[in-house]
Amino acid sequence: MKLKELIEVLDAEIILDNHGSDEEIPAGGAADLMSDVLAFGSPGMALLTGLTNPQVVRTAEMAGINAIILVRDKKAPPETVELARELGITLIRTSYTMYEACGRLYHAGLPGLGVVKIRNDTW
Amino acid sequence: MRGFLDLGLLKLETTLGKMAVQEITKVQELIYTTRVEDVMATDVIVVDPSMTVAEVKSLMKEKHISGAPVVQDENIIGIVTMTDILAAMEEGRLHEPVTMSMSTKVKTVVRDSVVAEVGNILGLKGSSRLPVVDRNGKLVGIVTTGTVTKYLLRRLDQSFQKNEQERLQAYRASHIFQDIVSDDTSVVLRFVVDDKDFSNAGKASSMIKKALQRLVVNPQIVRRVAVAVYEAEMNLVIHTDVGGEIIVDIRKDKLNVSAVDHGPGIADLKQVLQPGFSTAPEWIRDMGFGAGMGLANIKRVSDMMKLISEPGGGTRLDLVFDLKNS
């Protein structure tokens, strides 16, 4: 899905535009736990989250995530926007709840990451 | 627009030779994001309606131009080109006022329109100059295919230089293992991580990621290292009361990461290695961390992990990443 379609589907507002609207978003994922993002995030994906602290941007950087979508009408604090600007990450906000934002994107054809497995027996 | 654009792109492609394809799409981006006023020449040579064709001919020759707007009281009343002069000469009207020979249908462009619009007009009629006016119709500049091309080339050159700089730095860094000869060369990066400094947490990981990219390590391995180091860095920030140190030792074929602290230590090593086990306080959880996945993540992305700790004696986490397949 192209970034501009994603914005349309979510009725979203761009806080910080670091990618062209034709940027291809290969997949989406949603989490409020950053370790989950680090564990399951895939490069280039869009991350939907209700967290707005700068660590969300750091986490995206480490996981190779291009776009962060803040749900539930959250506003990004200045330090988060500043870090995103520095690291070239696109910030978007939508008024939909996490559930509905995910539902709309999935319905519109943005795939998720499939089945993931935590291996418990590695120790 | 297509005519001018295609011509423009073709010209640029020829001029720039091997410049990457992304630079060409950069041209498209530029013409839609640049305003005419940034491209136009402001020192416009204008013709007064009282001048004769012969006088205009001398002016053009002197100033090396092939056309100029005819301006009366700050209003453009016509445009005269070399073609008009030649026609007047053939018909023996050299000493008549230029107003008899100029064309009065003048296309203009407003100063805050985008460059793509200029291409539209310049391309359609094959005319090579376009007066630029402000919102009141007053002449403020002129654009020609020349001014546009010059501007685009300069901007492309700037972006090319920037990319080239980054490429050169990466090249120099990545050849350190060939350029510096020893029995075993390594690059060691050391970072001090302060405890409870949540806003700066991740800075070390960020720098490590950039260093590895510059060393042209395989992107997948860069990502694995970044995830592991970030989790380790968050652990130092969250769980120690004195902070700690992260040391990255990069060799030709492997990379060692150590996160060392003199914090409270870990009582039950088996327990902390269980996915989901966490001792993080509530405020850390509110910020999206402390889910008990940190060490599980680190274990998963690294090729080898060793955790040494005892209560009161600090903690040491050693990781190894294999770089051979990069």
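Throughout, a chain's letter reflects where its sequence line sits, starting with A, and its residues are numbered from 1.
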Are the side chain of [X] and the backbone of [Y] linked by a donor-acceptor contact shorter than 3.5 Å?
X	Y	value
A/Gln55	B/Gly288	no
B/Asn297	A/Ser35	yes
A/Asn53	B/Met287	yes

> Looking only at heavy atoms, which of residues 80-100 of chain A get nearer than 4.5 Å to chain B?
Replying inline: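 Expected list: A/Leu87.
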
> Do any of residues 62-75 of chain A have a heavy atom less than 4.5 Å from a heavy atom of chain B, and if so, which, in residue order?
Replying inline: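 Contacts with chain B: A/Met62, A/Ala63, A/Gly64.
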
>> Please tell me whether A/Glu79 and B/Ser199 have a donor and an acceptor in their side chains that are separated by less than 3.5 angstrom.
In response: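 There is no such pair between these side chains.
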
>> Under a 3.5 Å cutoff, is there a donor and acceptor pairing between the side chains of B/Ser206 and A/Arg58?
In response: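 On atom types as modelled, these side chains qualify, holding a pair under 3.5 Å.
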
> Where on A/Leu38 is there a heavy atom nearer than 4.5 Å to chain B: the side chain, the backbone, both, or neither?
Replying inline: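 Backbone plus side chain of A/Leu38, per the 4.5 Å heavy-atom cut-off to chain B.
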
>> At a 4.5 Å cut-off on heavy atoms, which part of A/Thr59 comes close to chain B: side chain, backbone, both, or neither?
In response: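 Both backbone and side chain.
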
More than 12 foreign heavy atoms under 6.0 Å from [atom1] of [X]: is that the case here?
X	atom1	value
B/Glu164	CD	yes
A/Glu8	CD	no
B/Lys196	NZ	yes

> chain A: which of B/Ala201, B/Gly290, B/Gly294, B/Ser205 shares the most heavy-atom pairs with it under 4.5 Å?
Replying inline: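 The option with the most such pairs is B/Ala201.
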
> When heavy-atom pairs shorter than 4.5 Å are enumerated against chain B, which of A/Gly41, A/Gly50, A/Pro54 gives the highest number?
Replying inline: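 Highest number of pairs under 4.5 Å: A/Gly41.
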
> In terms of heavy-atom pairs under 4.5 Å, which option from A/Val37, A/Asp32, A/Leu51 contacts chain B the most?
Replying inline: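 Among A/Val37, A/Asp32, A/Leu51, the one with the most close pairs to chain B is A/Leu51.
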
> To the nearest 0.5 Å, what is the distance between CZ (A/Phe40) and CE (B/Met293)?
Replying inline: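 One finds 5.0 Å between CZ of A/Phe40 and CE of B/Met293.
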
> Of the backbone (N, CA, C, O) and the side chain (C-beta and beyond), which part of B/Lys203 lies under 4.5 Å from a heavy atom of chain A, both, or neither?
Replying inline: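 Both parts, backbone and side chain.
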
